[in-house]
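Let me begin by presenting the structure, written as structure tokens, before commenting on it.
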Amino acid sequence: MLDLKWLRENPDAARAAAIKKRMPDRVAAVDRVLELDAELRALTPTLDGMRSEQKSASKEIGRLAPAEREQFLARQKERKVELAALEEREKALRADIDHQLALVPNVPDAEVPEGKDDTENVEVRRVGTVRDFGFAPRAHYDIAEAQGWVDFKRAADMAGSRNYILFGDLALLHDAVLRFAVDLMVGRGFVPVDPPLLVRDSAMFGTGFVPGGEEQTYRCEKDGLNLIGTAEVPVTSLHGGELLDEAELPKKYVARSACFRREAGTYGKDTRGLYRVHQFQKVEQVIIDVADKARSIAHHHTIVENAEDLLRAFELPYRVVAVCGGDLGVPQAMKYDIETWMPSRNAYGETHSASRFYDYQARRLAMRYRQKDGGKPLVCHTLNNTVAASPRILIPLLENHQQADGTVHVPAALRPLLGGRGVLGRPIW
RNA sequence: GGAGAGGUGGCAGAGUGGCCGAUUGCGCCGCCUUGCUAAGGCGGUGUACCGGAAACGGUACCGGGGGUUCGAAUCCCCCCCUCUCCGCCA
């Protein structure tokens with residue numbers, strides 16, 4: 001969430017932020033916060049004064065002679081009643097402010113392009129060349145089904161639509177990709193993490209997925225736990241509520257985890273194949289660092305490059321887009337998506353999403369650090385990006401590296417993880 | 001699932017109705033001392049909000065929420081969490 005003090009001084013910027021993000025209903029939250037805050041601020045000095053009076057009077061009592069007590073106690077009881085009403089109002093105001101403030105979205109950076117949805121994202125760069133096949137390329141699901149690598153029918157029977165079962169070499173490739181991603185990041189100093197997949201509401205709230213993302217989340221009502229949609233949730237929450245030392249920052253983590261998404265409201269969208277599924281594996285990079293905008297931006301570029309390096313190693317053409325305001329989520333200040341070429345879509349498809357939040361998540365998580373040179377503790381900055389999400393990344397791998405006979409070329413980088421093999425599958429066509 | 005113990009400041013750990021925003025130790029900061037990469041002495045050191053230029057003053061906060069009381073870290077109720085033992089099981 002935003003700093004309330006900042007919000008007080010910059011209400012127009014906060015309103016403009018919600019508008020740029022195409023969240024008109026959240027503009028109201030800004031106004032509501034300001035109203036409630038004004039009321040609370042007007043109330044506070046009175047309340048503090050009354051409490052102070054009552055408190056000091058209470059201290060007197062212990063020293064009073066029994067005869068004087070009666071009178072004193074009567075007065076104290078009056079004060080108590082007077083206080084009670086105001087305190088109730090104070091409590092309600094506090095709760096409302098917290099609630100409304102949590103709805104106010106993070107402010108998108110100036111460099112975030114204007115736009116209503118993902119069609120208006122702005123291409124930043126394009127890397128690699130789209131291959132000229134010299135034959136009619138097939139979609140990943142055709143290749144995979146022909147090779148016996150995937151079974152959508154049985155998956156749907158046992159688990160519903162948008163599920164899949166991987167077999168054989170594709171299951172191995174899936175794992176190789178993830179392992180490669182982890183190794184790449186560990187080589188760059190990121191600490192590998194195997195996090196909880198079921199988390200409390202506080203972690204969902206802290207990372208900004210709730211309120212707002214409830215429909216996307218599988219929830220175990222009985223236990224009050226949520227299946228994570230990304231390791232961003234547990235890993236960013238890792239130091240929630242902590243007061244860190246500046247010396248231990250930045251914290252860099254890489255987590256491989258299963259991810260679960262309900263994909264509500266996407267009926268009829270991307271129904272075929274491995275693109276949009278309820279469950280997948282993802283390797284995620286998370287950085288927690290000091291409250292320094294320039295450093296956050298530098299980290300942002302770094303984590304995008306990390307993902308690009310993976311795609312280059314996989315010999316895949318991709319492009320980087322700057323996500324526009326309307327396609328930005330509540331907590332993000334700026335986001336780059338990386339889209340990898342998918343021949344079956346005849347388009348680039350999103351495979352990575354790199355976000356910076358500044359202190360928006362960390363404030364919700366109460367994650368601060370003590371400055372090296374003293375002074376007040378500051379709220380951390382956080383960032384994250386995909387390294388590899390599979391099976392989605394298998395789409396470009398299969399489709400771009402397919403050969404006319406239905407076998408699949410293995411990029412050199414992945415061969416050590418596949419027993420040295422350079423080709424997967426048997427000739428089919 | 002059954003039984004018990006406990007959740008206090010950056011950490012450890014006292015405190016069982018007013019003298020407690022909280023002893024003490026560690027850590028950290030400052031000063032001093034000292035013949036050796038260490039030790040010692042003294043002082044300081046929570047967070048948030050309100051007021052103030054500041055010094056400082058006020059209020060809230062001892063897992064969370066209710067309650068008793070003139071007054072609660074301390075008593076009562078509910079919830080959450082952690083630990084130990086037993087059971088069960090990967």
Side-chain angles (χ1 to χ4, degrees), chain A residues 1-9 33-102 194-206 210 219-226 234 237-249 251 258 288 290-291 359 362-380:
Chain A
M1 65 201 161
L2 296 177
D3 179 23
L4 183 53
K5 241 180 285 176
W6 181 89
L7 187 68
R8 270 202 290 263
E9 286 155 20
V33 168
L34 294 172
E35 260 171 55
L36 296 164
D37 178 52
E39 190 184 337
L40 179 61
R41 284 163 65 85
L43 183 61
T44 300
T46 317
L47 213 42
D48 281 0
M50 287 171 71
R51 285 203 187 100
S52 174
E53 213 181 296
Q54 198 224 27
K55 211 168 149 178
S56 54
S58 276
K59 284 183 181 167
E60 291 294 314
I61 285 193
R63 298 196 287 268
L64 283 179
E68 294 170 293
R69 277 199 183 181
E70 289 303 308
Q71 196 188 340
F72 230 92
L73 290 181
R75 175 68 191 120
Q76 281 295 82
K77 281 181 183 171
E78 280 171 38
R79 278 198 248 265
K80 197 180 172 182
V81 174
E82 289 165 25
L83 253 175
L86 291 183
E87 284 188 320
E88 200 170 323
R89 183 62 192 149
E90 180 195 34
K91 207 171 60 186
L93 283 170
R94 287 234 157 88
D96 285 352
I97 289 170
D98 286 350
H99 180 72
Q100 295 296 325
L101 190 56
D194 189 340
L197 309 181
L198 275 167
V199 300
R200 291 181 201 289
D201 293 338
S202 57
M204 298 298 289
F205 173 87
V210 162
R219 184 177 162 80
C220 305
E221 206 55 58
K222 214 169 157 183
D223 301 290
L225 295 171
N226 307 277
S237 303
L238 202 58
H239 300 288
E242 294 184 23
L243 184 51
L244 303 164
D245 274 322
E246 181 170 348
E248 54 185 323
L249 296 173
K251 299 251 184 208
I288 299 164
V290 296
D359 59 11
R363 184 170 294 105
R364 291 169 82 114
L365 288 163
M367 181 162 62
R368 298 171 303 159
Y369 66 97
R370 202 184 283 291
Q371 295 180 79
K372 217 175 289 169
D373 314 321
K376 297 254 170 202
L378 297 177
V379 178
C380 297

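Every chain is numbered from 1 and lettered A, B, ... according to where its sequence line falls, protein lines coming before strand lines. Just so it is clear, the values below take in all heavy atoms, side chains as well, and ignore hydrogens, waters and symmetry mates. Owing to the predicted nature of the structure, the values given are computational and were not obtained by experimental measurement.
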request  = Taking atom C1' in both B/rA14 and B/rU69, compute the distance separating them and give it to the nearest angstrom.
outcome  =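 Going atom to atom, C1' in each nucleotide, I get 26 Å.
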
task = Could you measure between the two C1' atoms, the one in B/rG17 and the one in B/rG25, and give it in whole Å?
result =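 Pairwise C1' distance, B/rG17 against B/rG25, rounds to 27 Å.
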
message = Could you identify the nucleotide paired to B/rG30, looking across every strand shown and requiring Watson-Crick or G-U wobble geometry with both distances under 3.5 Å?
response =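 B/rG30 is paired with B/rC42.
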
Phosphate contact ([N] OP1 or OP2) by [X] side-chain N/O below 4.0 Å:
| X | N | result |
| --- | --- | --- |
| A/Lys91 | B/rG65 | no |
| A/Arg8 | B/rC50 | yes |
| A/Ser52 | B/rG58 | no |

To the side chain of [X], which of [options] is closest?
| X | options | result |
| --- | --- | --- |
| A/Arg370 | B/rG71, B/rU59, B/rG10 | B/rG10 |
| A/Gln54 | B/rG51, B/rC70, B/rU47 | B/rC70 |
| A/Leu243 | B/rU59, B/rC70, B/rG10 | B/rG10 |

Please classify the nucleic acid contact of [X] as base, sugar-phosphate, or nothing, using heavy-atom distances under 4.0 Å.
| X | value |
| --- | --- |
| A/Lys80 | base |
| A/Arg200 | sugar-phosphate |
| A/Arg368 | sugar-phosphate |

message = Quick one, A/Glu90 and A/Leu86 - any side-chain contact, counting heavy atoms below 4.5 Å?
response =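 Heavy-atom side-chain distance check fails, nothing below 4.5 Å.
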
